[in-house]
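Read the structure below first, then the notes.
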Amino acid sequence: MPRYTEPLYRPPSEANSLIFQITEGCSYNKCAFCGMYTAKPFRVKPVADVIREVDDIPEEFAMKVHKVFLADGDAAVYPTEGLIKILEHMNMRFPEIRRYSSYCGPQAIMKKSMDEWKSLYDAGLQLLYFGLESGNREVLKLMNKGMDAFKVMPKIKQIKELGVQFSVMIILGGGGKKLKQAHIDDSAKWISEVNPDFLSFLTLFLRRKKDYFNNLEKPTMADILDETRGIIEKVDGRNIIFRSNHVSNFVPLSGRLSQDKSKLISQIEDTRKVMEHRGILNEYPDFYEEF
Ligand code: SF4
């Protein structure tokens, strides 16, 4: 069976997938807001070790595997030749497999050639979770994300044209009060141009990296609702599946963009009214305290 090194994270939508750690930690590990892998050094697991773990899976279980999520933080950075060997071996062991997915950072997007992306897609890597966090340059600089979203965009569009699906994440409140409008405008612009298959929102929450929080003019719940509404309103989407079902979101939303815009906006405004009625609209979310 797979051997896990904690902490282990996966997107909410991979709850029913078999998780395989082919890397440990995050190869970048420098985002100012992210404390996920602060205590976990980055490591690429040798191909032979991963293959041994795949072979350890009992036959009756292997026959029922439909989806595999490759962990950890940016597993798509795995050297392509080795990753293809791993995928080909998994394809042999999991005859019912439908897709592989992984988190993918801008470094891996840019570093691998289009030929490499094509080979990975052909071997089954068909869904990438991409933490855009924001389309805005200043917000990304503040976050120390190590990318300019609009410079990574053309490569993402090319990879998408191969058939690879993209699930893009945005962090509400990520730029604080000051950059709220710029965060809304540029994030919506980026999403409209790329038209990812999936879009999700997280809300900025405190996990170990206190400095980022301390240096930010913290957004209130009203600001978070403004960003939620602002981005949804401005995205010109073509059938994007949208979810905000992360534990950090206080308005659980789901629908298609742009088809369900008005339904989503009225849900946001209903939440605003409830918060106003309870007198908490201009307070900070609980998860600004560590959880
Ligand atoms: S947000 Fe993603 S890329 Fe940035 S440090 Fe965390 S895991 Fe790594």
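Atoms within each ligand, like the ligands themselves, are counted from 1 in listed order. Positions are given from 1, in the same order as the sequence printed here.
- Looking at atom 6 (Fe) of ligand 1, its nearest protein heavy atom turns out to be C34 SG, 2.4 Å.
- Between Y37 and Y9, a ring centre-to-centre spacing shorter than 6.0 Å is recorded.
- No heavy atom of Y103 sits closer than 4.0 Å to any atom of ligand 1.
- Summarising the geometry of F201 relative to H246, their closest heavy-atom pair is O-CB, 4.1 Å, with the distance given to 0.1 Å.
- Put simply, C26 gets within reach of atom 8 (Fe) of ligand 1, with an N, O or S atom under 2.8 Å from it.
- When each atom of ligand 1 is checked for a heavy atom of Y37 under 4.0 Å away, the hits are 7 (S).
- Between the CZ atom in R137 and the CG atom in D186 there is a gap of 8.0 Å [rounded to 0.5 Å].
- Taking backbone and side-chain atoms together, C31 has an N/O/S atom less than 2.8 Å away from atom 4 (Fe) of ligand 1.
- Taking the centre and axis of the six-membered ring of F150, the NZ or CZ atom of K189 falls inside the cone set by 45° and 6.0 Å.
- Closest protein heavy atom to atom 5 (S) of ligand 1: N29 CA, 3.6 Å.
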Could you give me the CA-CA distance, side-chain angles and deciding distance for V68 and F94, then say whether side-chain contact (heavy atoms from CB on, under 4.5 Å) is met?
CA-CA 10 Å; V68 169; F94 308 142; 4.0 Å; yes
Test side-chain contact (heavy atoms from CB on, under 4.5 Å) applied to L70 and L125, step by step:
CA-CA 9 Å; L70 305 168; L125 183 59; 4.3 Å; yes
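- Using a 4.0 angstrom heavy-atom cutoff, D74 does not count as in contact with ligand 1.
- Scanning all protein heavy atoms for the shortest distance to atom 2 (Fe) of ligand 1 gives K145 NZ, 4.2 Å.
- Set against the non-hydrogen atoms of M36, the atoms of ligand 1 under 4.0 Å away are 7 (S).
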Worked verdict on L128 versus S102 for side-chain contact (heavy atoms from CB on, under 4.5 Å):
CA-CA 5 Å; L128 297 176; S102 80; 3.9 Å; yes
